[in-house]
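Just so you know, these numbers use all the heavy atoms, side chains as well, and skip hydrogens, waters and symmetry mates. Protein chains get the first letters and strands the later ones, always in sequence-line order, with residue 1 at the start of each.
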Protein chains: 2
Amino acid sequence: MNDVIKPGSTTQTAPRAPYHHGDLRSALLDASEAELAEKGIERFSLRGVAKRAGVSHAAPAHHFGDSNGLLSALAARGFHMFLERQQDFKRQASASPDEQIKAATLGYVNFALENPALFRLMFSSDRPDFRSEELDGAATAGFMALVADIERLTGSNPFENQEAMLQVSATWALAHGMADLLCSGRLKSVGQLEADGRNAQITAIMARLLDSGDD
Amino acid sequence: MNDVIKPGSTTQTAPRAPYHHGDLRSALLDASEAELAEKGIERFSLRGVAKRAGVSHAAPAHHFGDSNGLLSALAARGFHMFLERQQDFKRQASASPDEQIKAATLGYVNFALENPALFRLMFSSDRPDFRSEELDGAATAGFMALVADIERLTGSNPFENQEAMLQVSATWALAHGMADLLCSGRLKSVGQLEADGRNAQITAIMARLLDSGDD
DNA sequence: TAGGACATCTTTCCATTGTCAAGTTTGCTT
DNA sequence: AAGCAAACTTGACAATGGAAAGATGTCCTA
């Protein structure tokens, strides 16, 4: 009726306001990320998300179907952030293949430590639906980047060379294991250190693998 | 006093029946394990557990406090099973330190694949309370076994030698990364294989690390 | 410019869940 | 035998996710 802007909006940055709320979809994703970071996935509440976004508790359903749909979209966005964080580190490293891999590992682990709940959503939850094109694509992109790095390192295409694919698996598993253990508070001998020392240890551990069988 | 078996029991195998139900505590743990395996931790229901055990929905509270208390006890039992599974493999392997570590890794990963939901409860959940003496002790025992193996491998006590502790971290992280990725359906190049081929790949990956810096 | 058609969001309602408080049964102790 | 404490049940409550139906705003077309 009137053109008064609804006061319910909370933290929108530059909304195009095409509709009632103004890009509620991404506002809900922001709210979900905050809810997840604060509560963890096991106390994540859809109604809590709606409250953060300043809308009714049933509003998310229209954009995401159910709560798992929302978490799927959030996980997909998480994988994009994840890949970017790895690229952050890679850009600051030397161009040699093994340095690039070490840098990606640092990005991998630091992302997990910076976003532990989101990392768990992406890797240790049944709620996101990986049959979703969007999510599967986002998750696959990171894997493909690693495959390319290993190809540069070994000179063999991992999809054609079993030994190179084994190197992919080993590298991924080692990076993932450090990330998962650290963000669950295990692996205390590494986790207790401050950022620089921790990153040095992570690199040293990865070096132990890379300096071995870089055939 | 008497040896009359209560007729209200539903699915007990060989109950001592010291009380009303007959060792309800462990019956609830069994029921929880089944509930967890079927539903996963994210749809785990305390009332579902009670229904499985054939008791009222509030019965678990007396033995475990709240649902997190039950999950803490279940996780502790999980860590014992976890260690046993590693020892299963170690007994069937040669006594050399690196073969023992490879065997433990096979136990680590196979346990995760056999009990994916329980594995997630143990490593990727905030619900178990690790301040609990029982749980912390069970979780620490596995770590100490690895430390001992690395000491045998390197000849140095990891608690006194930084390089050896780095080896502990690397070994644990690699085993854990494989386990976590495989039981989440990632790492398909390994996960698609049948058991024997999969175990061979796991061993080959671990060898890549152990054959490197076993100083 | 009026009138649908439709996407967006709210309100209301319901089944399920975890937890609490009180009551009931059972075995043990003295 | 009496009482006591442990073990378990019953009933209630607030919070949650989801379904259904209503309300509101926007756009497209005639």
C:dG18 phosphate, OP1 or OP2: any side-chain N/O from B:S45 under 4.0 angstrom?
-> yes

Between C:dT19 (C1') and B:R47 (CZ): distance, integer Å = 9 Å

CG of B:N68 versus P of C:dG18: gap in Å, rounded?
-> 10 Å

If we only count heavy atoms from C-beta on, is the A:L209 to B:R208 side-chain gap below 4.5 Å?
-> yes

With a 4.0 Å heavy-atom cut-off, tell me which residues in residues 33-43 of chain A come close to DNA chain C, sorted by residue number.
-> none

Contact list for DNA chain C against residues 56-66 of chain B - heavy-atom distance below 4.0 Å = B:H57, B:A58, B:D66

Mind running salt bridge (Lys or Arg N to Asp or Glu O under 4.0 Å) on B:R77 and B:D30 for me, showing each step along the way?
-> CA-CA 10 Å; B:R77 209 175 71 162; B:D30 292 343; 3.0 Å; yes

Which of these nucleotides, C:dC9, C:dT19, D:dC8, is closest to any side-chain atom of B:L24?
-> D:dC8

Integer-rounded Å distance: C:dT16 C1' and A:L46 CG = 16 Å

Rounded to whole angstrom units, what separation is found between the NZ atom of B:K51 and the P atom of D:dT9?
-> 14 Å

Using a strict cut-off of less than 4.0 Å between a Lys/Arg side-chain nitrogen and an Asp/Glu carboxylate oxygen, indicate whether B:K39 and A:D126 qualify as a salt bridge.
-> no

Could I get the full list of side-chain contact (heavy atoms from CB on, under 4.5 Å) partners for B:D88, not counting sequence neighbours?
-> B:R85, B:R91

Sequence-distant partners of B:A139, side-chain contact (heavy atoms from CB on, under 4.5 Å), two or more places apart | B:F79, B:F130

With B:S125 via side-chain contact (heavy atoms from CB on, under 4.5 Å) - residues at least two apart = A:E42, B:I41, B:L121, B:R127, B:P128

Nearest-angstrom distance from the residue atom CZ of B:R25 to C1' of D:dA6 = 15 Å

Are the side chain of B:Q86 and the backbone N or O of B:Y108 linked by a donor-acceptor pair below 3.5 Å?
-> no

Residues at least two apart in sequence or cross-chain that pass side-chain contact (heavy atoms from CB on, under 4.5 Å) with A:H63, listed by chain then number, are A:L24, A:R25, A:L28

